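Source: prediction; values computed, not measured. So that the names make sense, note that chain A is the first sequence line, chain B the second, and so on, each numbered from 1.
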2 protein chains.
Amino acid sequence: MDKVTIADVARVARVSPSSVSNVLNGRSERMKPSTLERIQQAIDQLGYTPNLAARQLKTGHAPIIGLIVPSVANPFYGIFARRIEEAALANGYQVLLGNSDRNPDRERQYAEELWGYGVRGIIFGSSLVQFTHLESLIAKGLHVVAFDRPTQQGDRVIIDSIGVDNVQVTRLATKHLLALGHRRIGFISGPIRTVNRLDRLEGFRAALQEAGVEPDPQLVWEGVASNFGDAAAVDLGRQGAHDLLSKTHPPTAIIAINDMYAFGVYAGARDLGLNVPEDVSVVGVDDIVLAEVVQPPLTTVHQPITDITRLAVERLVGRLQETCTEPLGHQVLSPKLIVRASTARCLQN
Amino acid sequence: MDKVTIADVARVARVSPSSVSNVLNGRSERMKPSTLERIQQAIDQLGYTPNLAARQLKTGHAPIIGLIVPSVANPFYGIFARRIEEAALANGYQVLLGNSDRNPDRERQYAEELWGYGVRGIIFGSSLVQFTHLESLIAKGLHVVAFDRPTQQGDRVIIDSIGVDNVQVTRLATKHLLALGHRRIGFISGPIRTVNRLDRLEGFRAALQEAGVEPDPQLVWEGVASNFGDAAAVDLGRQGAHDLLSKTHPPTAIIAINDMYAFGVYAGARDLGLNVPEDVSVVGVDDIVLAEVVQPPLTTVHQPITDITRLAVERLVGRLQETCTEPLGHQVLSPKLIVRASTARCLQN
DNA sequence: CTGTGTTAGTATAACGTTATACTAAATCGT
DNA sequence: ACGATTTAGTATAACGTTATACTAACACAG
């Protein structure tokens, strides 16, 4: 009742294991239809499923893409993972998922584990500034596609990457707020250790300076979290809002590093008896499904997640099958500001 | 630059592959410390990582737990998956995740694929009423732990299961609304094809009848979805709210099958110019992180997700390692009503 | 100096699959 | 009727690991 092997199938179908293997791998053109049918029947009758470990050992690779995200408990990465899986399936690959909490050690550990399973391609859902922890694996032949990680100064290895222009993301958000008359704008984020967060902070500052507003370092709030990407996002946003909005000169608008933080800012403002957007405008980033549903509907910067995930998988599969000849590098997409009801004209001047 | 095998390590350390294997598997008691050290050094020097496929082929099993959920894009399953992974890691297992959209064919397909990888235990995050599609795999020796699936009438196979008492879940919600004076209570759900949804509907009806209120079938709204568990949840909740609340005799309160649906109900009510809870009370199920953060904070029935996932993994690991001697069956936990601000006394009598 | 025991390993045979190179039988052109 | 070609498969040797059973070398008691 335990394991049915290719040899069992061969015996029942009265052929050699080779023939069964040929059928399994679609090399059945030069085979009598009757034989093919016998083999098919034997497979069904015995309920045979190939041992993938053996197959993989023999062929040297697994039709699996690794996916490492900070935490699938964050709805953004939930939908991200879902779309990656869809695209992978469409290309004949399965997805093996790991949560890293943005911890380089866990990333490396996972990557090595995946490598051991014959996985030769990994997609990273969040990209630390440093990736020296992956260099040795890349040198061995691991293919990597990162989300949001254009080449950085000092990189010794170049990798494929896809994402929106994150400087542009916050530039859009900031300009929108400036146009509404806001001058004191807060910026709330978790630990700024990833390239996209760095870029978003930069875009925020750049847009202010271009408008002749000197950025106030007091208004940039960087949370410290032990467990990133999780429920923590909402809590951090809330905490940041408490801190920023109870200052003597509080900001009149807040840009949150992503929508979950923005929801936290909503809660934090409410805790202080402030209304969004009358007392404080809020902008998020990502445009997750709930952004449109919360009250007030959230003004946010949309990421074309379906395009990003599709391109990421296609690029990775192209590398794995050596059909992609593009040089390694970053593909950039455009973010889009979605104005809803969480931002309003600044009244307190 | 490609593959380093155990033989390479053995050569460098001037021992046999067997000895290296012994070290890898912790059987190094009877080995000279100097030899052990040589082997360790060779491993580090060559950057050797064992080929898990080969190991698995040899040992016959993989230290992997399969996890099949409807869709990790649903925040509830996101956090569910995260907690399962944590518990699995603590027990020395990795998690391989698949999204099934509650489609039996995809469930079976995934389960077979996992079986092929040597996975001998799978956790199901959602449990269809029928599970004949898994019987043959269970007969082969697959261990299954289901979330929310006590044995049903007509089951030919008994499986392990863990979850809250779902009849109780909606009973709590309904009693709460009845106590607030509501008599016309709506029930909004997606396709009722899982045991927990069936149970929740039953609890709802039972509580009404116990209170002497005849359930009105018109107030039970069952959505049809092509892509479950996804963004669809919010949309369905919204659509259900539109339908129910624009009736000539609309309900004064609505129970949503889960929190995402409840958020959709918020949006649907707002679309019609109605306020929660003044015009309509709303209760959800799950108590996801956002339930506390949305406006108004959602009254919902809490599921002890961390306990559930921990118990599920422990039970599965117990089966896999044959250390668990409990008979197969259902472990039941208690749901808890969390009253927040989305429910209020019924004014329209 | 024999026999027993211990130490520190090693040889061997799988695990289930697949790609390559082979072959036996049938068909075909002339 | 003969060699050449095609058809329909098959034998074989890995892939990298591990568990079992083995052994060589040495120590030591009597």
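- Checked against A:I123 for a side-chain contact (heavy atoms from CB on, under 4.5 Å), the options A:V144, A:I84, A:V95, A:L97 give a single hit: A:I84.
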- Given A:F80 and A:F147, is the ring pair (Phe, Tyr, Trp, His ring centres under 6.0 Å) satisfied, shown in steps? CA-CA 10 Å; A:F80 188 90; A:F147 173 51; 5.2 Å; yes

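- Here the closest heavy-atom approach between residue A:I68 and residue A:A111 is recorded as CD1-N, 4.2 Å.
- In this structure, CD in A:Q56 is found 9.0 Å from OH in A:Y117, a value given to the nearest 0.5 Å.
- Contacts of B:S19 with the nucleic acid, taken as non-hydrogen atoms under 4.0 Å apart, include base atoms.
- Within 4.0 Å of B:S18, counting heavy atoms only, lies at least one base atom of the nucleic acid.
- Side-chain contact between A:V313 and A:Y93 is absent, with no heavy-atom pair separated by less than 4.5 Å.
- For DNA chain C, the outermost nucleotides in 5' to 3' order that have an atom under 4.0 Å from a heavy atom of chain A are C:dG16 to C:dA19.
- Nucleic acid contact for B:N22: base, since at least one base atom lies under 4.0 Å from a heavy atom of the residue.
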Please table the atom pairs, donor to acceptor, closer than 3.5 Å between any side-chain atom in residues 44-51 of chain A and protein atoms at least two apart or in another chain.
residue: A:T49; atom: OG1; partner: B:K140; partner atom: NZ; Å: 3.4
residue: A:N51; atom: OD1; partner: A:A53; partner atom: N; Å: 2.8
residue: A:N51; atom: OD1; partner: A:A54; partner atom: N; Å: 2.9

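- Residue A:R120 holds its CZ atom at 9.5 Å from CG of A:L320, rounded to the nearest 0.5 Å.
- For residues 35-66 of chain A, proximity to DNA chain D is found at A:T35, A:L57, A:K58, defined as any non-hydrogen atom under 4.0 angstrom from a strand atom.
- Here B:R83 does not pair with B:D307 in a salt bridge; the nearest charged N to carboxylate O distance is not below 4.0 Å.
- Listed for the B:Q331 side chain is no donor-acceptor partner under 3.5 Å among the backbone atoms of B:L311.
- Place A:R30 and A:A7 on DNA chain C by their nearest nucleotides, and A:A7 ends up nearer the 5' end.
- Among the heavy atoms of the strands lying under 4.0 Å from B:R27 are primed sugar atoms or P, OP1, OP2 only; no base atom is included.
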Side-chain donor-acceptor pairs of residues 151-161 of chain B under 3.5 Å, sequence neighbours excluded:
residue: B:Q152; atom: NE2; partner: B:P150; partner atom: O; Å: 2.9
residue: B:D155; atom: OD1; partner: B:R149; partner atom: NH2; Å: 3.3
residue: B:D155; atom: OD2; partner: B:R149; partner atom: NH1; Å: 3.0
residue: B:D155; atom: OD2; partner: B:Q152; partner atom: N; Å: 2.9
residue: B:R156; atom: NH2; partner: B:E135; partner atom: OE1; Å: 2.9
residue: B:D160; atom: OD1; partner: B:R315; partner atom: NH1; Å: 2.8
residue: B:D160; atom: OD1; partner: B:R319; partner atom: NH2; Å: 3.1
residue: B:D160; atom: OD1; partner: B:G329; partner atom: N; Å: 3.2
residue: B:D160; atom: OD2; partner: B:R319; partner atom: NE; Å: 2.6
residue: B:D160; atom: OD2; partner: B:R319; partner atom: NH2; Å: 3.1
residue: B:S161; atom: OG; partner: B:R149; partner atom: N; Å: 2.9
residue: B:S161; atom: OG; partner: B:R149; partner atom: O; Å: 3.1
residue: B:S161; atom: OG; partner: B:H330; partner atom: ND1; Å: 2.7

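- For the helix from C:dC1-D:dG30 to C:dT30-D:dA1, the angle separating the two terminal helix axes comes to 50°, with each axis derived from five pairs and the value rounded to 10°.
- Within the structure, the salt bridge (Lys or Arg N to Asp or Glu O under 4.0 Å) test picks out the following pairs touching residues 8-33 of chain B (sequence neighbours left out): B:D8-B:R11.
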